[in-house]
J.: 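For reference, the structure I am asking about is given below.
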Amino acid sequence: MVRRTVARQCTLCEAHCGIVVTVDDGRVTGIEGDPDDVLSHGYVCPKATALADLHTDPERLRHPIRKVGDGWEQISWKEAFELVGSSLRRIRRESGKDAIGMYLGNPAAHSPSVIWGVALRAALLTRRFWSASSVDQFPQEFAAKRMFGANGVLPVADIDRTDRLVIMGANPAVSNGSLTTMPDARRRIKAVRERGGTVVVIDPRRTETARIADEHVAVKPGGDPFLLAGMLHVLLADGLEPTPHLAKRLDGWAQVASLLDDCTPERMAPRAGVEPEVIARLAREHTAASRALVYARIGVCQHVTGTLTHWLVNVVNAMTGNLDRAGGQMFPKPPIDITKLTKGIDMPYGNWTDRKGKHKAFRWELPVAGMADDIGEPGDDRVRALVTYAGNPVLSSANAGRLDEALASLDFYVAVDMYVTETTRHADVILPPVSQLEREEYDFVFPMFSVRNNARYNARVFEPPSDGLEDWEILARLTVEVSPLPARGLVGPIAAWTAQQLSPMRMSALGVAAGPWGVLRRGPRGLTMRKIRTANGGIDLGPLEPRLDELIATDDGKVRLAPPDIVAEMQRVLAEHVEEPDDDFDLRLIGRRHLRSNNSWMHNVESMVKGRDRCTVLMHPADAAGRDLQDCQRVVVTSRVGQIEVPLEVSDEIRLGTVAIPHGWGHDTKGVGWSTAAAHGGANVNLLHDPDNVETFTGNGALNGTWVRVEAAENVAALGA
Ligand SMILES: Nc1nc2c(c(=O)[nH]1)N[C@H]1C(S)=C(S)[C@@H](COP(=O)(O)OP(=O)(O)OC[C@H]3O[C@@H](n4cnc5c(=O)[nH]c(N)nc54)[C@H](O)[C@@H]3O)O[C@H]1N2
Ligand SMILES: Nc1nc2c(c(=O)[nH]1)N[C@H]1C(S)=C(S)[C@@H](COP(=O)(O)OP(=O)(O)OC[C@H]3O[C@@H](n4cnc5c(=O)[nH]c(N)nc54)[C@H](O)[C@@H]3O)O[C@H]1N2
Ligand code: SF4
Ligand SMILES: [Mo]
C-alpha cells in the first residue's frame with residue numbers, strides 16, 4: 001500500500017480550515033484537521049470529509065456537456081469553447097452587450113480563480129451582472145462605503161481579544177463565521193468566557209451560538225436597529241465621550257446624538273421586541289467592559305433595514321471606542337492588500353438600473369432580485385444569453401419561481417459548474433472544473449477578513465486528469481472568446497496562450513512579493529510564495545494591528561458616523577408604523593443554517609443528508625398549539641407570493657410568532673443531475689420571499705422577516721391553489 005498525506009485547506013466555507021488528507025493507493029482514506037494550521041489549529045467540521053465524497057461523486061461532471069433534446073452529450077473542450085464563443089459573439093452582435101448576462105455565485109469567492117471570473121465579466125462589458133453578494137453582504141458594504149469611504153473597508157471582529165462579544169444575526173457556532181474568518185468559532189467564543197468576558201447573542205432563535213453564550217436576547221425579526229438605537233440613546237444620555245484614539249477621527253457625533261434623542265429604551269422596546277430594562281442594561285454592560293464588540297452578519301443584512309443595522313453596529317463600535325483597537329472591530333493586513341489597493345476606486349451607486357428601473361446597480365452590479373425579469377420579460381432589451389459561474393440562483397434568490405421560467409426562455413446559456421443543478425439544468429453547455437482536491441491554490445480573499453494575519457497555501461491532493469481544467473482556465477478561455485480583440489490571424493491563439501500563462505498562482509506570487517509583508521517591501525526576510533508553500537500549516541503574521549489611518553478613504557480621513565442618506569432613512573423608519581401581523585399572515589419567517597449543509601450544493605453527499613429531515617419549519621410550541629399542529633406533521637407555509645410544504649418541527653428555541661426554514665433545498669426538480677439531493681428534496685424557502693421586498697439602499701434580498709401563515713397540509717386543498 002502506498003500512503004501519502006497532503007496538507008491544504010477545506011475551501012467549502014469562509015473558515016478555510018487546514019486539513020490533512022490521507023491517500024492510500026490513490027484513494028482518500030481520511031481527512032482530518034491540521035494541528036499545525038496557524039488559524040484553525042486542527043479544527044474541522046463534518047463537511048470537511050465531504051470533500052472526498054465530492055471528489056468521487058459519479059454525478060459530478062468531469063467533461064463538458066451539451067444539451068441535446070431532453071438529455072446531454074459529452075463534447076470536447078475545443079468544441080465547447082467554439083460553441084460558447086460563437087453563440088455569445090453572435091448574440092452580442094445581434095442585440096448588443098447587455099443582451100448577455102452573468103451571475104457569479106458563492107463558491108467563486110473561495111478560489112483565486114475568481115480573478116478570471118472578474119476578467120470575464122469585464123470582457124463581456126455587460127451591465128447585466130448579478131452575484132450572491134446581493135443576497136448576502138451588500139448592506140454591509142454600503143455602510144462601509146458611506147462610513148469609511150470604500151466598500152472594501154469592512155471591519156472584522158477581533159473576537160480572540162475581546163472581553164464582551166455581542167453577536168447579532170449570526171450563528172458562527174454553525175456557520176464558522178463570515179466576513180470574519182474564525183475557524184472553530186465555538187472554541188473562540190467559549191474562550192471569551194473562559195478569560196472572564198461575556199458573550200451575548202441577539203437572535204430570534206436560541207441558536208447553537210446562543211447556547212454557549214452568557215445571555216440570549218430573543219429580538220423580534222427586524223428589531224435590531226431599534227435595539228441598537230435604544231442602546232446608543234442610553235449611552236449618550238449617560239454622557240458617552242469619544243475615546244482619545246478616535247476623537248479626531250469621528251465626524252457626526254452630534255448628528256447621531258440628535259437623531260437618537262427620542263429613541264429611549266421605552267420607545268424602542270416594542271419595535272425591538274426587547275424589554276426597555278434589557279436594552280438599557282445591554283448598553284451599560286457594553287461600556288463597562290474594557291474591550292467590547294458588536295459583530296453582526298447576514299441575519300440583519302437580509303432585511304429591508306440591512307444597511308441601517310450595519311451602520312448602527314459600526315456606530316456603536318466606533319462611539320464606544322472599539323474601532324481599530326484590539327478586541328474591537330479591526331482591519332486585517334493581508335499578504336495581498338486588496339482592501340488598500342482598491343480603496344481609491346470610487347465604486348459607483350445607481351449609475352444604471354435593471355430593465356424595469358426598480359433596482360439600482362451597486363459597484364457595477366445589479367441586485368439578483370431583478371434577474372428573473374431582466375431575462376424573462378419580453379422586449380428587445382431582454383437578456384438573451386447567460387453565463388453562470390458557481391451559482392445556483394434558482395434556489396438561492398427570491399424570485400417567486402420566475403427565474404426558473406426565465407432561464408428556459410434564454411437563447412443561449414453556458415454554466416461553469418460541476419453539477420446539473422436546479423439552475424444549470426437550463427444550460428445549453430456546462431463546463432465543469434476539476435474537483436477541489438485537484439487544485440493548487442493560494443487563497444487571497446479570506447486573509448482580508450481573518451482574525452489573525454496569515455498566509456496559507458493549498459496543495460493539490462491529486463493531479464488533475466489530463467483533460468481536466470481548473471475554473472480559471474475555463475474562465476480565461478471564455479474571456480478570450482468574448483474579448484473585443486479581433487479574432488483574426490494569430491491574435492486569437494496568442495491571446496489564448498497569454499491568458500493561460502496568467503494563472504492565479506503566478507499572479508498571487510507577484511502580489512505576495514509586492515504586498516505589505518512581501519520580499520520586495522521587506523527585503524530577504526519578507527514573504528514569498530515559496531515560503532508560504534513550504535511552511536508547515538501556513539505562516540502566522542501576528543494579531544491584527546490598528547490600520548484605520550492607512551485604509552480610511554473619506555475625503556478628510558474621518559469616519560462618517562452620520563451619512564446624510566442613512567440618517568434620513570433612519571428618520572423615516574423611526575416615524576413609520578410598526579408592522580403588525582394580520583389574520584392571513586401572522587408569523588414572521590427567518591432562515592437558519594445547519595452544520596452539514598452549505599447553501600444549496602452539498603446535498604448530494606449521503607453523509608451530509610442522512611438522518612432526520614432538516615428542511616423543516618421550526619415553530620414555538622405555543623404557536624403550534626394555537627394552530628392545533630403537532631411535531632413532525634406536514635404543513636403548508638404560505639406567504640403573499642408563494643407556498644411550500646414541509647414537516648413541522650416544534651421547539652421553544654424559536655421566538656413566539658416567528659418561524660424558521662433553511663434555504664438551499666427544493667431539489668426535487670425534473671432534470672437535475674444530483675439524485676441523492678433530489679431524493680432528499682426538501683422545499684425551496686425562497687419561493688416564499690417576495691423579490692420586490694428588498695433592502696432599501698442596495699436591493700439586497702430581504703430574506704428574513706417575511707409574513708407567512710402555517711396550516712396543516714391536509715387542510716390546504718392543493719398546493720399552489
Ligand atoms: N454550515 C454552514 N456554514 C456556512 C454556510 C452554510 O450554508 N452552512 N453558508 C456560508 C455563507 S455563504 C455565509 S454568508 C455565512 C453566514 O453566516 P451567518 O451570518 O452566521 O449566518 P446564519 O447561520 O444564517 O445566521 C444568521 C442568524 O440570524 C438570525 N436572524 C434572522 N433574522 C434576524 C433578525 O432580524 N435579527 C437578528 N438579530 N437575527 C436574525 C437567524 O436566526 C440566524 O441564527 O455562513 C457560511 N457558512
Ligand atoms: N432564504 C435564504 N436564501 C439565501 C440565504 C439565506 O440565508 N436565506 N443565504 C444567501 C447567501 S449568504 C449566499 S452566499 C447564497 C449562495 O447562493 P449561490 O452562490 O447562488 O448558490 P450556492 O448554493 O452556493 O451554489 C453554488 C453552485 O456552485 C457550484 N460549485 C461549487 N463549487 C464550485 C467550484 O469550485 N467551481 C464551480 N465552477 N462551481 C462550483 C455548485 O455545484 C452550485 O451549483 O445563498 C443565499 N440565499
Ligand atoms: S468549517 Fe467545515 S466546511 Fe468550513 S472550512 Fe472548516 S471544515 Fe470546511
Ligand atoms: Mo453567503
Side-chain angles (χ1 to χ4, degrees), residues 9-19 31 33 37 39-40 43-51 54 60-61 103-111 113-114 117 130-137 171-172 174-179 181-185 297-299 301-302 368 388-398 415-424 430-436 439 441 446 470-472 474-475 589-593 595-604 660-665 672-674 677 684-689 700-704 706:
Q9 292 148 52
C10 167
T11 53
L12 295 175
C13 86
E14 290 178 46
H16 276 221
C17 301
I19 53 174
I31 295 185
D37 186 276
L39 205 60
S40 56
Y43 170 82
V44 277
C45 86
K47 288 189 292 302
T49 57
L51 284 169
L54 289 169
R60 177 174 64 80
L61 301 174
Y103 177 89
L104 184 140
N106 170 274
H110 293 265
S111 159
S113 288
V114 73
W130 308 273
S131 86
S133 296
S134 58
V135 270
D136 191 336
Q137 84 285 1
N171 188 11
V174 163
S175 67
N176 270 299
S178 181
L179 291 185
T181 299
M182 45 165 135
D184 202 2
R297 214 25 207 109
I298 61 155
C301 268
Q302 296 165 335
V368 68
T388 64
Y389 161 35
N392 194 2
V394 165
L395 293 192
S396 61
S397 64
V416 182
D417 206 295
M418 52 242 229
Y419 283 105
V420 183
T421 71
E422 297 69 24
T423 301
T424 63
I430 305 183
L431 308 175
V434 295
S435 91
Q436 269 81 0
R439 305 173 189 175
E441 295 179 330
F446 295 105
E470 291 192 30
D471 274 312
W472 75 267
I474 300 170
L475 295 160
L589 171 65
I590 61 169
R592 70 177 199 272
R593 283 176 157 73
L595 201 55
R596 287 180 186 270
S597 228
N598 195 28
N599 298 319
S600 76
W601 68 277
M602 288 184 59
H603 300 145
N604 210 43
I661 305 177
H663 72 284
W665 297 90
V672 295
W674 36 28
N684 176 7
V685 70
N686 281 325
L687 293 175
L688 298 174
H689 299 300
N700 199 67
L703 308 174
N704 283 313
T706 296

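Numbering of ligands and ligand atoms starts at 1, following listing order.
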J.: If every non-hydrogen atom of N700 is compared with every non-hydrogen atom of Q137, which pair is closest and at what distance?
T.: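 The pair with the smallest heavy-atom distance is OD1-N, 4.4 Å.
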J.: Rounded to the nearest 0.5 Å, what separation is found between the NE2 atom of H16 and the OG1 atom of T181?
T.: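 So the gap between those two atoms works out to 7.5 Å.
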J.: Could you tell me which non-hydrogen atom of A398 sits nearest to which non-hydrogen atom of H689, and how far apart they are?
T.: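 Answer, listing the atom of A398 first, then H689: CB-O, 3.5 Å.
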J.: Identify the protein heavy atom lying closest to atom 36 (N) of ligand 2, giving its residue, its atom name and the separation to 0.1 Å.
T.: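 I find the closest protein heavy atom is D471 OD2, 2.8 Å.
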J.: At less than 4.0 angstrom from any non-hydrogen atom of Y419, what atoms of ligand 2 do you find?
T.: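 Per the distance check, 42 (O).
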J.: Do R60 and D417 meet the salt-bridge criterion of a basic N to acidic O distance under 4.0 Å?
T.: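 The answer is no: the pair does not qualify as a salt bridge.
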J.: One pair to check against ring pair (Phe, Tyr, Trp, His ring centres under 6.0 Å): W665 and H603. What are the steps and the verdict?
T.: CA-CA 8 Å; W665 297 90; H603 300 145; 3.6 Å; yes
J.: Begin from the C-alpha positions of E441 and W472 and carry the test side-chain hydrogen bond (donor to acceptor under 3.5 Å, both in side chains) through to its verdict.
T.: CA-CA 11 Å; E441 295 179 330; W472 75 267; over 6 Å; no
J.: With a 4.0 Å heavy-atom cut-off (strictly under), which part of L395 contacts ligand 2: side chain, backbone, both or neither?
T.: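 For L395, no heavy atom sits under 4.0 Å from ligand 2.
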J.: N/O/S of C10 less than 2.8 Å from atom 6 (Fe) of ligand 3?
T.: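 No.
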J.: Tell me which one of C13, G177, A185 gets a heavy atom nearest to atom 4 (Fe) of ligand 3.
T.: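 Selected option, by shortest heavy-atom distance: C13.
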J.: Give the residue and atom name of whichever protein heavy atom lies nearest to atom 3 (S) of ligand 3, and the separation in Å to one decimal.
T.: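 That would be K47 CE, 3.4 Å.
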J.: Measure the spacing between OG of S175 and CG of L595 and express it to the nearest 0.5 Å.
T.: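 Between atom OG of S175 and atom CG of L595 there are 9.5 Å.
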J.: Could you tell me whether S396 approaches ligand 2 through its side chain, its backbone, both or neither, with non-hydrogen atoms closer than 4.0 Å?
T.: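 Answer for S396: both.
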J.: Give me the residue, atom name and distance of the protein heavy atom closest to atom 6 (Fe) of ligand 3.
T.: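 Checking every protein heavy atom, the shortest distance to atom 6 (Fe) of ligand 3 gives C17 SG, 2.3 Å.
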J.: Quick test of your reading of the structure: of N686, V685, L687, whose heavy atom lies closest to atom 3 (N) of ligand 2?
T.: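 Among N686, V685, L687, the closest heavy atom to atom 3 (N) of ligand 2 comes from N686.
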J.: Mind checking whether atom 2 (Fe) of ligand 3 has an N, O or S of C45 under 2.8 Å?
T.: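 True for C45.
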J.: Counting non-hydrogen protein atoms only, what is the nearest one to atom 33 (C) of ligand 2? Give residue, atom name and distance.
T.: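 For this ligand atom, the closest protein heavy atom is M418 SD, 3.6 Å.
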J.: Walk me through it: do N176 and Y43 pass the test side-chain hydrogen bond (donor to acceptor under 3.5 Å, both in side chains)?
T.: CA-CA 11 Å; N176 270 299; Y43 170 82; 3.1 Å; yes
J.: Pick, from R439, H110, Q137, the option with the minimum heavy-atom distance to atom 35 (O) of ligand 2.
T.: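 Of the listed residues, R439 has the closest heavy atom.
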J.: Give the minimum heavy-atom separation between P183 and L39, together with the two atoms involved.
T.: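 Looks like CG-O, 3.7 Å.
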J.: Nearest 0.5 Å, what's the CD1-CD1 distance between I590 and I661?
T.: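 Here the rounded value is 10.5 Å.
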J.: If I take atom CZ from residue R593 and atom OG from residue S178, how far apart are they, to the nearest 0.5 angstrom?
T.: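 Here the rounded value is 7.5 Å.
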J.: Considering both backbone and side-chain atoms of N392, is one of its nitrogen or oxygen atoms within less than 3.5 Å of a nitrogen or oxygen in ligand 2?
T.: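 Yes: some nitrogen or oxygen of N392 is under 3.5 Å from one in ligand 2.
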J.: Atoms of ligand 2 less than 4.0 Å from P393 heavy atoms?
T.: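 Ligand 2 atoms under the 4.0 Å threshold to P393: 20 (O).
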J.: Applying a 4.0 Å heavy-atom criterion (strictly less than), which segment of V135 is in contact with ligand 2: side chain, backbone, both, or neither?
T.: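 The answer is both, backbone and side chain.
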J.: Nearest heavy atom to atom 23 (O) of ligand 2: which of S178, S600, G673 does it belong to?
T.: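 Checking each option, the heavy atom nearest atom 23 (O) of ligand 2 is found in S600.
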J.: What heavy-atom pair brings H110 and C13 nearest, and what distance separates the two atoms?
T.: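 Residues H110 and C13, closest heavy atoms: CE1-C, 3.3 Å.
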J.: Kindly identify the option in E422, R593, E14 whose heavy atom sits closest to atom 11 (C) of ligand 2.
T.: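 Heavy atom nearest to atom 11 (C) of ligand 2 belongs to R593.
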J.: Within ligand 2, which atoms have a heavy atom of Q436 less than 4.0 Å away?
T.: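 Ligand 2 atoms under the 4.0 Å threshold to Q436: 32 (N), 35 (O).
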J.: Considering only heavy atoms of N176, which atoms of ligand 3 have at least one such atom less than 4.0 Å away?
T.: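 Within the 4.0 Å cut-off of N176, ligand 3 contributes 1 (S).
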J.: Within this structure, what is the SG-CG distance for the pair C45 and N598, rounded to the nearest 0.5 Å?
T.: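 The distance works out to 8.5 Å.
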J.: Could you walk me through whether Y103 and W130 pass ring pair (Phe, Tyr, Trp, His ring centres under 6.0 Å), step by step?
T.: CA-CA 5 Å; Y103 177 89; W130 308 273; 7.7 Å; no
J.: Under a heavy-atom criterion of less than 4.0 Å, does S111 contact ligand 2?
T.: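 In this structure, S111 fails to qualify as a contact of ligand 2 - no heavy atom is under 4.0 Å.
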J.: When you measure from atom 19 (O) of ligand 2 to every protein heavy atom, which one gives the shortest distance, and what is it?
T.: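 For atom 19 (O) of ligand 2, the nearest protein heavy atom is N106 N, 2.6 Å.
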J.: Taking 4.0 Å as the limit for heavy-atom contacts, which would you say applies to I298 with ligand 2: side chain only, backbone only, both, or neither?
T.: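 For I298, the contact with ligand 2 is made by the side chain alone.
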J.: Side chain, backbone, both or neither: which part of A390 comes within less than 4.0 Å of ligand 2 when only heavy atoms are counted?
T.: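 Both the backbone and the side chain of A390 come within reach of ligand 2.
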J.: Write down the atom of T423, the atom of V394, and the distance for their closest heavy-atom approach.
T.: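 That closest heavy-atom pairing would be OG1-N, 3.0 Å.
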J.: With a 4.0 Å cut-off on heavy atoms, is G664 in contact with ligand 2?
T.: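 Distance cut 4.0 Å: G664 fails for ligand 2.
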J.: Without hydrogens or angle criteria, can the side chains of S40 and D37 be said to hold a donor-acceptor pair below 3.5 Å?
T.: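 Looking only at side-chain atoms, D37 and S40 do form a donor-acceptor pair, the distance falling under 3.5 Å.
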J.: With a 4.0 Å heavy-atom cut-off (strictly under), which part of H16 contacts ligand 3: side chain, backbone, both or neither?
T.: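 Within the 4.0 Å criterion, H16 contacts ligand 3 through backbone atoms alone.
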J.: Who's closest to atom 24 (O) of ligand 2 heavy-atom-wise, of G105, P432, P107?
T.: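 The nearest heavy atom belongs to P107.
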J.: Check each heavy atom of T421 against ligand 2 and say whether those closer than 4.0 Å belong to the side chain, the backbone, both or neither.
T.: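 Within the 4.0 Å criterion, T421 contacts ligand 2 through side-chain atoms alone.
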J.: Are H663 and N686 close enough, and set up right, to give a side-chain hydrogen bond (donor to acceptor under 3.5 Å, both in side chains), and what steps lead you there?
T.: CA-CA 7 Å; H663 72 284; N686 281 325; over 6 Å; no
J.: Within a distance under 4.0 Å of any heavy atom of A48, pick out the atoms of ligand 3 and give their elements.
T.: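 Once the distances to A48 are compared, the set is 7 (S).
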J.: Counting non-hydrogen protein atoms only, what is the nearest one to atom 44 (O) of ligand 2? Give residue, atom name and distance.
T.: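 Looking at atom 44 (O) of ligand 2, the protein heavy atom closest to it is D417 OD2, 2.7 Å.
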J.: From the options M602, H663, H689, select the one whose nearest heavy atom is closest to atom 5 (C) of ligand 2.
T.: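 Closest candidate by heavy-atom distance is H663.
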